[in-house]
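To keep things clear, I will list the structure first and then write my remarks on it.
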2 protein chains.
Amino acid sequence: MSDKMKNTRSEIAHAARAEFVAHGYEGARLQKIADRIGVTKAMIHYYFNTKRELFEHVFRQSVEEMFSGLAELLDKNIPLFKKIEQLISACHNKAESDPGVLGFVLTESNRNADWLLPVIEEEITLEKSAFAEQIEEASASYTITSVDPNQLLLNIFSLCYYPSLSAPVNRAVLTDGDDKSGRELTAGRQGIVLDTILNWLTA
Amino acid sequence: MSDKMKNTRSEIAHAARAEFVAHGYEGARLQKIADRIGVTKAMIHYYFNTKRELFEHVFRQSVEEMFSGLAELLDKNIPLFKKIEQLISACHNKAESDPGVLGFVLTESNRNADWLLPVIEEEITLEKSAFAEQIEEASASYTITSVDPNQLLLNIFSLCYYPSLSAPVNRAVLTDGDDKSGRELTAGRQGIVLDTILNWLTA
DNA sequence: GTCTATATTGTGATAGAC
DNA sequence: GTCTATCACAATATAGAC
């Protein structure tokens, strides 16, 4: 693959990601993707044959990015509480650094489950045995209460990701559109999530 | 408005809701909405002029439904912990009884904030002063730790709603597509959420 | 590799008969 | 109120020149 080709190809992928995240699979327009980088629609078909193939490429990228680092973190050889803290920090970073991608992956997974869930399973393998073992040990020594590792992860994901998914609605519903209290809501958030999780575990 | 008219109109609205929830505003097709109830596209334009107007009608309905009862619950004259328990129960009911609507409202709010956030503000008013007062009192008497009412609500919404939003992804990522452990994940969920919230408050 | 031109199908919306 | 027929335009995709 030549440099020129690799460049245009990845430029298209990059522009496509923005368009798909903003409008979803059905709402995205190939013309707009082409416009974003100043090429013609024909180029998209040259590099990615169909809209469907282009989308799958973008979706794979997004899923990979959304979970990248988490598998390694779960396997890391550090104390349980430190691991949980880093997990929460990592999730917040993902939600903040690329807002929209999370909602994109979830929405498209719901709307095209038959097509995309197999893609997710291909792309993601969360090895949880080390994490589960740590929980088991901490529970056996009465350092924490006994919990299902999956429920713990689900609690962490929920507390970290939902506020980002619902940010605009929160501003309207919780803070009555007031920007100041809206920022306050996200400012102290990470510490609150950590508190919530740790207090639950050490009840 | 005649009975016949009211019937067809609400039939269209009902079919439109299913189509919009499944495909979003841009992905929804008026032809498919008409097909669902055996009328022609022309009928849709007769009752709801444009696709945009039809969508706004459906979106209003969905927002109303998503938050209906919550405002009253927050104002109810019952003990704080009982209120929290009922809040959690109500949110789980909403997520389970109409899966998809929650994600629909959030996704569309993100993608068309300028248009839809004002609609949400028109439709929803969460009077939180009674709830905030209860928290203040419980905190003053050292029954719970001091928390921001908005953060408490956000924690509850997160823990109740995110698992529903991410259900398909969870099956793929957390339970490796295993249906049995997938059901286990949702089975004990409501109790875990209550535990998480109460242990956080009484740390 | 990149473009222009075009084929084909689908989309929201309107006009007008009944 | 409900339908058929149709318009104007937009969408994905392809063919072929350079």
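Every chain is numbered from 1 and lettered A, B, ... according to where its sequence line falls, protein lines coming before strand lines. The structure presented is a predicted model; accordingly, all values stated were derived computationally and were not measured.
- Judged purely by distance below 3.5 Å, without hydrogens or angles, the side chains of Ser139(B) and Glu137(B) never pair a donor atom with an acceptor atom.
- A straight line from CD1 of Ile12(A) to P of dG1(C) spans 12 Å, rounded to a whole angstrom.
- Test Leu154(B), Leu74(B), Ile135(B) against Pro149(B) for side-chain contact (heavy atoms from CB on, under 4.5 Å) and you get one pass: Ile135(B).
- The NE2 atom of His23(B) sits 15 Å away from the P atom of dG10(C) (whole-angstrom rounding).
- Separating the CD atom of Glu19(B) from the C1' atom of dG12(C) is a distance of 14 Å, rounded to the nearest angstrom.
- For the pair Tyr46(B) and dC3(D), the criterion of a side-chain N or O lying under 4.0 Å from OP1 or OP2 is not met.
- Residue pairs meeting the ring pair (Phe, Tyr, Trp, His ring centres under 6.0 Å) criterion with at least one partner in residues 99-126 of chain A, sequence neighbours excluded, are Tyr25(A)-Trp115(A), Phe55(A)-Phe104(A), Phe55(A)-Trp115(A).
- Applying the side-chain hydrogen bond (donor to acceptor under 3.5 Å, both in side chains) rule to Thr196(A) yields the partners Asn155(B); only residues at least two apart in sequence or on another chain are considered.
- Legend: residues meeting side chain to side chain contact (heavy atoms under 4.5 Å, CB included) with Asp178(B), ordered by chain and number and at least two apart, are Lys180(B), Ser181(B).
- A search for side-chain hydrogen bond (donor to acceptor under 3.5 Å, both in side chains) contacts involving His92(A) returns nothing, not counting sequence neighbours.
- With sequence neighbours left out, the side-chain hydrogen bond (donor to acceptor under 3.5 Å, both in side chains) criterion links Ser158(B) to no other residue.
- Heavy-atom distances under 4.0 Å link DNA chain C to Thr50(B), Lys51(B) of residues 49-56 of chain B, given in residue order.
- At whole-Å resolution of the value, CZ in Phe48(A) and C1' in dT12(D) are 16 Å apart.
- When the side-chain hydrogen bond (donor to acceptor under 3.5 Å, both in side chains) test is applied to Ser68(A), the partners found at least two apart in sequence or on another chain are Lys94(A).
- Listed by first then second residue, pairs satisfying salt bridge (Lys or Arg N to Asp or Glu O under 4.0 Å) with a partner in residues 53-68 of chain A read Arg17(A)-Glu65(A), Glu56(A)-Arg60(A), Arg60(A)-Glu122(A), Arg60(A)-Glu123(A), not counting sequence neighbours.
- Rounded to whole angstrom, the span from the CE atom of Met43(B) across to the C1' atom of dA15(C) amounts to 16 Å.
- The stretch residues 165-203 of chain A participates, sequence neighbours left out, in no ring pair (Phe, Tyr, Trp, His ring centres under 6.0 Å) pair at all.
- Taking atom CD of residue Glu11(A) and atom C1' of nucleotide dT2(C), one finds them 13 Å apart after rounding to whole Å.
- An OP1 or OP2 oxygen of dT2(D) is reached within less than 4.0 angstrom by a side-chain nitrogen or oxygen of Thr8(B).
- Considering only residues two or more places apart in sequence or on other chains, Ser89(A) meets the side chain to side chain contact (heavy atoms under 4.5 Å, CB included) condition with Asn93(A), Gln190(A).
- Less than 4.0 Å separates DNA chain C from at least one heavy atom of each of the following residues of residues 26-37 of chain B: Ala28(B), Arg29(B), Leu30(B).
- Within the structure, a side-chain polar atom (N or O) of Thr40(A) is placed less than 4.0 Å from OP1 or OP2 of dC3(C).
- Each end of the helix from dG1(C)-dC18(D) to dC18(C)-dG1(D) yields a helix axis from five base pairs, and these two axes differ in direction by 0° (to the nearest 10 degrees).
- Counting to the nearest Å, the P atom of dA5(D) and the NE2 atom of His45(B) are 18 Å from each other.
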